[in-house]
Structures are given as C-alpha cells and as structure tokens.
Number of protein chains: 2
Amino acid sequence: MPDRQHPVVADLGRRVATGELAAGSQVVPEEVAAQHGVSRSVVREALRVLEAKGLVQPKQRVGTRVLPPERWDALDADVIGWRVQGPERLAVVSDLEELRAAVEPRAARLCCERADAADLAVLAELAAAMRQLGSRGDLAGFTASDVAFHARLLRASGNASFVRLEGTFAALLKAREDLGTLPHQISQEVLDLHVQVAEAIAARDADRAEQAARELVDGARSEVLTRLGEPPP
Amino acid sequence: MPDRQHPVVADLGRRVATGELAAGSQVVPEEVAAQHGVSRSVVREALRVLEAKGLVQPKQRVGTRVLPPERWDALDADVIGWRVQGPERLAVVSDLEELRAAVEPRAARLCCERADAADLAVLAELAAAMRQLGSRGDLAGFTASDVAFHARLLRASGNASFVRLEGTFAALLKAREDLGTLPHQISQEVLDLHVQVAEAIAARDADRAEQAARELVDGARSEVLTRLGEPPP
DNA sequence: CTCGTTTGAATAGTCAGACTATAGTGGCGA
DNA sequence: TCGCCACTATAGTCTGACTATTCAAACGAG
C-alpha cells in the first residue's frame, strides 16, 4: 500500500496474472519497451520485480517466460490484486479465506498472552466503530474499520509471520469490496462477533477468543463464497 | 530453490537481514557497485529485488534506505535464510513454527476432502521412508523426506495459499538443519505421528488428521524451541 | 545411420556515461 | 516570522555497444 508500482510493473503483472499472457509465453523486453515508450533498462527492472513475485523467469538464449500460476506468490498483495481482475477471482478469494480461517483464530489466541493495553483499547474501539458504521449502512467506513481490526489483531499477536499477512488479508478484503461481494447490510452476528473477539482478548480468555475468531472468519468465508457463487457467468 | 540469486542480491540481502545495515541507513548504489566491481545498473536491479522483499525503499533526493524489520517479507524464503544467519534466529524460527502450527492441521483436514490417490500414495511412502531413515539415524535423508512430506501435504490440500507456504516452510526446516537444532535421534513419537497423519487422510477422517497434524507440529515446535533456548550465548 | 562436435545465433546480462525528474534544505526577501 | 525560490543530492531514465550463455542446427567421424 505505501509504495506505488511502476506502470510497466503494473501492466505486465496484470497481464500475466489475469492469464492474458499464458504460462510459457515469452516476454520480449524490446517489445514491452516500445509499447510503453520506455527504455530496456526500465523493463529489465520491472522484470526483476515480477521475477521476485514468481510471475516470470528469465533464461539466457530462451528468453524471459511466464511461469505457471502455481509458481506465483499467492500471498503477495499485488499478485492478489491482479488475479482478482481475471477469471480466477473465486479461487483466489476462497483460498485466502481458508488461510485466514487457519490463521486468525490462532492469532486471537496468541493475543490473549501478548496484547498490551493499547492493543486492547484499539480493538475495542474498532469493534465499536464497526457496530456503529455497520448498522448505519456505511459500507466504506465499515470495511476500513474491518481491515484495521484484523490488522491490529495480527499485529497484537506479536508474531512477525502473522503480521506479514496483514497486507495479504488487506488485499483480500479490498478485493471483496471491489468485487461487490460485501453484503449491503452487515449482519448483526458479524458485528457481535467482532465485539466478542475483542472482549475475550481483553479478558485473556484464550479459548473464547479463538472460538469467536473461528466463528467470525468461518461465517465471513461462507458468506463470501455463496455470494461469489451466486452470479453465474 | 530453482532460481539462484545474483551475488549482489545475496550480499545486500544478508547484510540488511542480519542487521549489519541498520534500519534507516542509506544504501549508496555507487558504493555497492564499486565494492562488487559491477555497474550501477546491476545494483539497481538488485535493489528492485530487495525492494520487492520489503528490505529497502528508494526515495528521490533522500536515497535508498533500509526499512525496519516489520516491513520485511517474513515469509520469503530468501529473507528467512538471511535472517537466521543473524541474531534473530530464535524469533524467526519460533514465529514460523507458530504459523505452521496454525496452517498444517487445517491443511491436513482439507486433504481429507481433496487429496487424490497419488497424494495418498506419496504421503504413505514418505512417512514410511521417514520411519526407516529416522530410526537408522540418517539425518539428512530424514530431513529431505520431512520437507517432501509436508510439502506434499500442503499441495494435496488443493489450496494455492497453502501451497505458497511450501517454500516458506522448506526454508524453515532448512534453517533448523543448518542451525543444528534437529535432534540426533528422531523420536519414535514424531515418526508415528507422520504415519498417523498419512493414514488418517487416507481414511478420509478429517478430525483425526487434523488432530494428528496438530500434535505433530506442536511437538516439533516445542522441541525446536527448547533446543534453541538451551544454548545461552 | 548414429552419435559426438563444432559453429552459429538468439537472448539475457553487463557496462559506461550522460541526462532528467523529484524533493529536501537553506537562504533570501517581504 | 513566514513564504517563496534557488540549490543540490539522489533516484530514475536513456542510449548503444559489448559479453556471456545456451539452444539448435549443421557437420563430420565412426
């Protein structure tokens, strides 16, 4: 989020991740340079970035080729953002929700040991804000608070690996928003569960925190999936 | 693993990730170029890679500066490999074991729905191989099978996000090996649990598979942590 | 006819050096 | 004191030539 991408990276990344450039096809630097009106060095640097994200791999004499999807960094926020613009929307969102379901309950449990007073205050505040915004129907505000809530949960877990997933899940929620898979009316249950998670952590009740987080994330998951499954192309 | 790094990337990455280059310090391309006897463009491409991994951030007029550890991509195999060479060994391994504890049980559960015959065969085979090699004391062979077993488990879960963690966990196990935190004698319990996981998945018994995976990974975690905690510097 | 070897060519990789764009900083004037 | 402006450090870009690697096809020996 803090760093914006070079247009060449964004364009190539999107074209690869949406499948417009098929796996195995060749990316010719000179052509890309001409298309974007930039020099070869700019394209080379862009390709280094895409290489780091697992989208392409250069090889002397054979050229820089697009790698198959299983090589792509499925947890990279940019990759997620690009992929959801393609035909794999559902699979991407579904897989990430599954990961979230695995991670957040455990993070909530850890929070009970490691969260400090500031964490507790922020979580309570955000849960309250979500209840406000959600019942008022302010979708944008709700989503912002939602992202902040889950990000804080991960951070408060004190585990750098979980913190790393902040960006991943933020990209997931943003994707859900962009795709209009959010309900227009936030269910009371979801609002309550956020509050419950915050309260359980504040009470240092690990089992209850884990359980509430599990229900929350399982609920969100099934809701999104039915919504995504609904409109058949 | 398939792609080896450019020496400049490896050197700069290590120096940043071990803390030799402190957060906030400036990386001057010309100096790096001179140190490695390469041109500025090579250094620039290396910096693009490190930027993608969250290690540095360029800004006009102020220079390319080292970012604080919380910005680093804690799930990147290279970053893990570099960090474990520094003073943060324990924290890195511990955090990643925690993530593994969150993910693998869920992956095992998913396998019960999605694993195909080939997956089952490979898992059974690897579990058997581990028992063989483990009781024989062949550490290298054991670790290789261990990595393959868990990688296959993630792949068989059919979830791309989990598959993405293959490289992350492989780097974790490799780090454990390099640091000599593996026991010289593999415990019978660990060997049995691998077999149990494989059998439970084959039997499509989700609860048992999840439970066995949980025990396995929790056991591995506590064992590694006590071992890492043991030798006080 | 088959297999090893040489040669050619496609492509990534590297280099050098000049130039441009951006944005802190400090000075100068109102 | 405040705001504007010129200065300058640094990333970013461009150009074009050169090198290194490796695939593939031609070639030659057995």
Side-chain angles (χ1 to χ4, degrees), chain A residues 1-17 20-68 71-73 78, chain B residues 1-17 20-68 71-73 78:
Chain A
M1 221 114 116
D3 29 329
R4 249 184 325 309
Q5 292 282 180
H6 193 292
V8 177
V9 174
D11 180 60
L12 281 179
R14 188 192 46 76
R15 292 207 288 169
V16 170
E20 185 185 325
L21 295 173
S25 62
Q26 187 177 353
V27 180
V28 182
E30 286 77 4
E31 287 177 8
V32 177
Q35 283 165 16
H36 287 80
V38 297
S39 71
R40 203 164 71 99
S41 36
V42 171
V43 176
R44 280 188 56 84
E45 291 187 15
L47 289 174
R48 285 297 85 69
V49 175
L50 298 183
E51 186 187 356
K53 295 181 189 300
L55 296 184
V56 301
Q57 188 169 44
K59 204 170 163 207
Q60 284 200 191
R61 158 79 205 197
V62 323
T64 298
R65 312 208 93 102
V66 175
L67 290 171
R71 298 286 301 274
W72 303 348
D73 184 349
D78 294 320
Chain B
M1 245 166 275
D3 29 326
R4 249 185 321 313
Q5 293 282 180
H6 193 291
V8 178
V9 174
D11 180 60
L12 281 179
R14 188 191 48 75
R15 293 204 297 176
V16 170
E20 185 184 326
L21 294 174
S25 62
Q26 187 177 352
V27 179
V28 182
E30 286 78 5
E31 288 177 9
V32 177
Q35 282 165 17
H36 287 82
V38 297
S39 71
R40 204 164 70 99
S41 34
V42 171
V43 176
R44 280 188 56 82
E45 292 188 15
L47 288 174
R48 285 298 85 69
V49 174
L50 297 183
E51 187 187 356
K53 296 182 190 297
L55 297 184
V56 301
Q57 188 168 46
K59 204 170 165 207
Q60 283 202 174
R61 159 81 203 195
V62 321
T64 299
R65 312 208 92 101
V66 175
L67 290 171
R71 299 286 301 275
W72 304 348
D73 184 349
D78 293 321

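In this entry the distance linking CD of Gln57(B) with C1' of dA23(C) reads 15 Å, nearest Å. Rounded to whole Å, atom P of dA9(C) lies 10 Å from atom CZ of Arg61(A).
For the atom pair CZ of Arg71(B) and NZ of Lys53(B), the computed distance is 16.0 Å after rounding to the nearest 0.5 Å. With rounding to the nearest 0.5 angstrom, the CD atom of Gln57(B) is 9.5 Å from the OG1 atom of Thr64(B). Annotation: the span from Asp78(A) atom CG to Leu55(A) atom CG amounts to 9.5 Å, rounded to 0.5 Å.
The backbone N or O of Gly24(B) lies less than 3.5 Å from a partner atom in the side chain of Arg65(B), making a donor-acceptor pair.
Lys59(A) has no side-chain polar atom (N or O) that falls below the 4.0 Å cut-off from OP1 or OP2 of dG13(C). OP1 or OP2 of dT14(C) sits under 4.0 Å from a side-chain N or O of His6(B).
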Would you check, one step at a time, whether the test side chain to side chain contact (heavy atoms under 4.5 Å, CB included) holds for Leu12(A) with Val49(A)?
-> CA-CA 10 Å; Leu12(A) 281 179; Val49(A) 175; over 6 Å; no
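Val28(B) comes within contact range of no nucleotide atom at all, as no heavy-atom separation falls under 4.0 Å. Residue contacts shown for Gln26(B) are limited to sugar-phosphate atoms, with no base heavy atom under 4.0 Å away.
Considering only residues two or more places apart in sequence or on other chains, Glu20(A) meets the salt bridge (charged side-chain N to carboxylate O under 4.0 Å, His left out) condition with Arg14(A), Arg15(A).
Within a heavy-atom distance below 4.0 Å of DNA chain C, the residues of residues 39-50 of chain B found are Ser39(B), Arg40(B), Ser41(B), Val42(B).
Put simply, the side chain of Leu47(B) reaches to within 4.5 Å of the side chain of Pro29(B), judged on heavy atoms.
Interface limits on DNA chain D: the 5'-most and 3'-most nucleotides within less than 4.0 Å of chain B heavy atoms are dT8(D) to dT13(D).
Taking the charged nitrogens against the carboxylate oxygens, Arg48(B) and Glu45(B) have no contact shorter than 4.0 Å, which rules out a salt bridge.
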